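As the structure lists them, so they are numbered: ligands from 1, and atoms in each ligand from 1. Source: prediction; values computed, not measured.
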Amino acid sequence: MEKDKVVLAFSGGLDTSICVPLLREHYGFDEVVTVAVDVGQPEGEVQRATEMGRMLADRHYTIDVKEVFVSDYIVPSIKANGSYEGYPMGTALARPLIAEEIVRVAEKEGAGAIAHGCTGKGNDQLRFDFIFRAAGYEIVAPMREMNLTREWEIRYAEEHDIPVSVAKDRPYSIDENCWTRSIEGGMLENPAHHPPEDIYAWTVAPEDAPDTVECVEIEFEKGVPVALNGEMLSGLTLIRRLNLIGGRNGVGRNDMIEDRILGLKAREIYEHPAATVLLAAHRDLEHLVLTRHELAFKRIVDERWSELGYMGLVHEPLFHALNAFINTTQERVSGTVDVGLYKGSVRVLGRSSLSGLYSDDLVSFDSCALDQSHAVGFSNYYGLQARLLKSLKKQ
Ligand code: ARG
C-alpha cells in the first residue's frame with residue numbers, strides 16, 4: 001500500500017475538482033487518482049467528470065454501474081417500499097455503491113488513502129466514510145477539514161486553471177441518478193422561499209401538464225417491475241421511460257423539510273416520477289396478495305429498512321435480515337397494476353394477480369357462497385373483553 005497515493009471520489013464539480021490540487025499541495029500526496037461512478041447522472045455530467053479527471057489527476061477512471069445500481073439497490077428499495085420521511089430515497093441508495101467502486105480502484109491501485117469532497121454538514125460523508133472505514137482506508141475530506149468558502153474555492157480553482165464557468169452559474173447543489181434528482185442550497189435554503197420553476201429538470205409543473213389522464217400498465221414479477229404497457233423491459237429502461245411519462249404529467253415532485261442523520265433539518269426538493277409511480281403500484285399490489293398480518297408487519301420492516309438505507313448502513317446485519325424477510329414476502333407479489341397519471345397525481349385504477357387473496361365470490365353482496373348468518377356467532381364474541389369492562393364500569 002502506497003501512503004503517498006490517494007484515490008478521490010470525483011464528480012467533476014467545483015468541490016472535487018479543487019480537491020485534486022489540494023490533495024497534492026495541502027496534504028502532500030504524490031499521486032492523485034480520480035474515480036467517477038456513473039449511476040445515471042446526466043450524460044454531460046459523466047463526460048465532464050471524465051474530461052476533468054483526465055486533465056487534473058495522475059490517472060482517471062469512469063465506471064458505469066447503472067445496471068447494478070438498478071438491480072442491487074433500486075429493486076430492493078422497491079420491494080421495501082423504500083421511502084424516508086415520505087420521499088423515495090435515491091442519493092442514499094447510490095452512495096454505498098459508489099463507495100464500493102472507489103474501494104475497488106483503491107485496492108487495484110494499492111492506494112493508502114481515499115478522499116471525498118463531502119461537507120461536514122450532510123449525510124453523504126457518513127455514508128461514504130462507513131464503507132471506506134470498513135475497508136480499512138484512511139479518509140481525507142478536504143471540504144470538511146478545511147472549512148472553505150465558495151469564493152475561496154473559485155479563486156483557488158482559477159489559480160489552478162480549473163474551469164469554473166459551470167460552478168458559477170449553478171447556484172444549487174444538485175445530485176442526480178436514474179431514480180431521483182435532488183436540488184438544495186442557494187436561495188432554497190430559506191424554507192419559506194418558493195422554488196423557482198427552473199430548478200426542475202424531470203417534471204413539468206402539475207398545472208402545465210395535459211388535461212387528460214395518461215394510463216400506464218405496470219407488471220411486477222416477485223416484487224420487481226418487469227413490463228410497461230405490456231412491453232418487457234430491463235429495469236433501467238423501464239425506469240427511464242417511466243420518468244419521462246410521469247414527468248410530462250407533473251408526477252413526482254417533492255418539497256420538504258428533512259431530518260438529516262446528524263440531526264440538522266434541511267429543505268430539500270426532489271424529482272422522482274418513476275419512483276412515485278412504481279412505489280404506488282407496488283404498494284397496491286402488495287395489498288392484493290399479502291395477508292393482513294404480513295402487511296402490518298412489513299410496514300414496520302419497510303420503515304426500519306428505509307431508515308438503515310437512508311443512513312447508508314448497508315452492512316448492518318439487521319439490514320440483511322430485513323432483506324431476507326422482504327424477499328420472502330415478494331415471492332407472491334406478481335401481477336399487473338393500472339395507474340392513471342393526471343396533473344401531478346397518481347391513481348391506481350385497477351390491479352390483478354394470480355396470487356390475489358381477493359375473492360369476489362366471498363365478498364360480493366350478490367353472492368351466497370358465504371353464509372352470512374355464520375357471522376352472528378363471530379359477532380357474539382367480538383370485542384368481548386371491552387364489552388365486559390364497559391358493563392363493569394356501569395355498575
Ligand atoms: N438529502 C438527500 C440525502 O441525504 C439528498 C442529498 C443530495 N445532495 C445534493 N447535493 N443535492 O440523501
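Only the side chain of Asn123 comes within 4.0 Å of ligand 1, counting heavy atoms alone; its backbone N, CA, C and O stay farther away. With a 4.0 Å heavy-atom cut-off, ligand 1 is reached by the side chain of Glu258 but not by its N, CA, C or O. Neither the backbone nor the side chain of Tyr84 has a heavy atom within less than 4.0 Å of ligand 1. Heavy atoms of Arg127 found under 4.0 angstrom from ligand 1 belong exclusively to the side chain.
Within the 3.5 Å criterion, the main-chain N or O of Trp202 finds no donor-acceptor partner in the side chain of Arg181. Formation of a donor-acceptor pair under 3.5 Å by the Asn123 side chain with backbone atoms of Tyr310 is not found in this model. Looking only at distances, no side-chain donor or acceptor of Asn249 sits under 3.5 Å from a matching main-chain atom of Val251.
Regarding atom 2 (C) of ligand 1, its nearest protein heavy-atom neighbour is Tyr270 OH, 3.1 Å. Scanning all protein heavy atoms for the shortest distance to atom 7 (C) of ligand 1 gives Ser182 OG, 3.0 Å.
Heavy-atom proximity to atom 10 (N) of ligand 1, evaluated over Gly13, Ser11, Ser173, is greatest for Ser173.
Below 4.0 Å from some heavy atom of Asp175 lie the following atoms of ligand 1, by number and element: 7 (C), 8 (N), 9 (C), 11 (N).
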Salt bridge (Lys or Arg N to Asp or Glu O under 4.0 Å) evaluation trace for Asp302 with Arg283: CA-CA 11 Å; Asp302 289 351; Arg283 273 200 192 96; over 6 Å; no
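Applying the 6.0 Å contact sphere to CD of Glu197 captures more than 12 heavy atoms from other residues, nucleotides or ligands.
Classification of Glu184 and Lys121 as a salt-bridged pair fails, no side-chain N sitting under 4.0 Å from a carboxylate O.
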